[in-house]
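First the structure, in the form of structure tokens, and then the observations on it.
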Amino acid sequence: MPPAADGPDSRLAESLLAFWADAGVDAMLLDAPLDRIEAGKIAPPPRPAPIAAPVAPVARAGQPDISGAVAQAKAAAAAAADLDALVAAIAAFEGCPLRFEGAATKAVVYRGDPQAPVMVIGEGPGAEEDIQGKPFVGRAGKLLDRMVAAAGLEDRVFITNTVFWRPPGNRTPTPAEQAVCAPFLERIIALVRPKMLLLAGGASAKSLLKREEGILSMRGRWFEWRASDGAMELPAMPTLHPAFLLRQPGAKKRAWADLLTLTERLDRPERPH
Ligand code: URA
């Protein structure tokens with residue numbers, strides 16, 4: 001005799017089913033075996049057509065499309081006739097996402113003598129630079145100043161960075177952020193016309209020299225920096241970043257050797273033509 005629909009067996013079965021459902025069991029065994037591999041070979045039903053048109057592809061998969069921002073930066077940089085106009089153009093520029101991320105409102109552009117023969121290019125402003133609006137004014141900057149003075153380069157340096165707004169949490173600026181700021185940096189170099197560049201840290205050296213080696217293999221060697229339009233070339237020396245030297249004081253002698261190599265070239269008497 002079949003059990004009554006509301007008898008104890010039925011309530012037991014319901015409770016057991018509820019228990020399995022809670023445990024995630026959502027398939028029943030069949031009386032006959034099912035070949036699921038064969039079953040999987042059946043062509044799936046066609047997917048419905050997408051409702052919206054696909055978004056225009058970005059420059060490279062996973063990379064932000066920065067071409068518009070770079071074009072804007074180029075136009076604004078080219079229009080700046082002198083350093084003051086360039087500083088104003090950078091301050092007004094809204095194409096670099098860093099401006100809206102970690103930075104206070106100020107753009108951090110440069111400090112030092114615009115007639116200086118050496119341009120020091122760091123990575124990007126930190127917290128103290130963001131507050132004061134000048135590059136290299138925090139602990140790393142103080143160390144840089146002491147090294148520069150000891151090498152006899154005091155008042156002979158102009159200091160700037162690859163990006164003009166503080167990256168959040170002092171992280172390294174990304175290649176995309178550097179690329180957006182690059183037209184401004186290039187215009188700074190063109191207006192100041194230093195004799196040589198000192199590139200502080202791997203992110204600066206890689207970005208300006210378009211090379212992939214680590215800073216430990218590039219430092220202390222001379223490279224040629226070239227403007228993107230080929231109109232200008234300068235000798236450039238990568239060196240260790242002063243923030244790295246604060247963490248690794250044992251590396252200071254290598255940065256010191258780099259500075260002496262740079263000073264030696266700077267003060268070398270020019271050969272008569
Ligand atoms: N580190 C940099 O690279 N630049 C600064 O201006 C300050 C710290």
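Reckoned from all heavy atoms, side chains included, excluding hydrogens, waters and symmetry mates. Both ligands and their constituent atoms are indexed starting at 1 by order of listing. Worth saying up front: this structure is predicted, and the values here are computed from it rather than measured.
Counted within 6.0 Å of CZ on R221, heavy atoms from surrounding residues, nucleotides or ligands total more than 12; the atom is thus considered enclosed.
Here salt bridge (charged side-chain N to carboxylate O under 4.0 Å, His left out) pairs that include residues 193-202, with residues two or more places apart or in two chains, number zero.
Heavy atoms from both the backbone and the side chain of P135 come within less than 4.0 Å of ligand 1. The side chain of E129, and not its backbone, has at least one atom closer than 4.0 Å to an atom of ligand 1 (non-hydrogen atoms only; side chain from C-beta on).
The closest heavy-atom contact to atom 3 (O) of ligand 1, among the options E128, E123, Q132, R166, comes from E123. Here the shortest heavy-atom distance to atom 8 (C) of ligand 1, taken over G122, A243, G124, belongs to G124.
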Quiz item: Could you go step by step and tell me if Y110 and V192 meet the side chain to side chain contact (heavy atoms under 4.5 Å, CB included) rule?
Solution: CA-CA 11 Å; Y110 79 89; V192 173; over 6 Å; no
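Nearest protein heavy-atom contact of atom 4 (N) of ligand 1 is N161 OD1, 2.8 Å.
Distances shorter than 4.0 angstrom occur between a heavy atom of H241 and an atom of ligand 1.
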Got a list of side-chain donor-acceptor pairs under 3.5 Å for residues 85-97, not counting sequence neighbours?
none

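Taking a cutoff of 4.0 Å between a charged side-chain nitrogen and a carboxylate oxygen, R219 and E213 do not qualify as a salt bridge.
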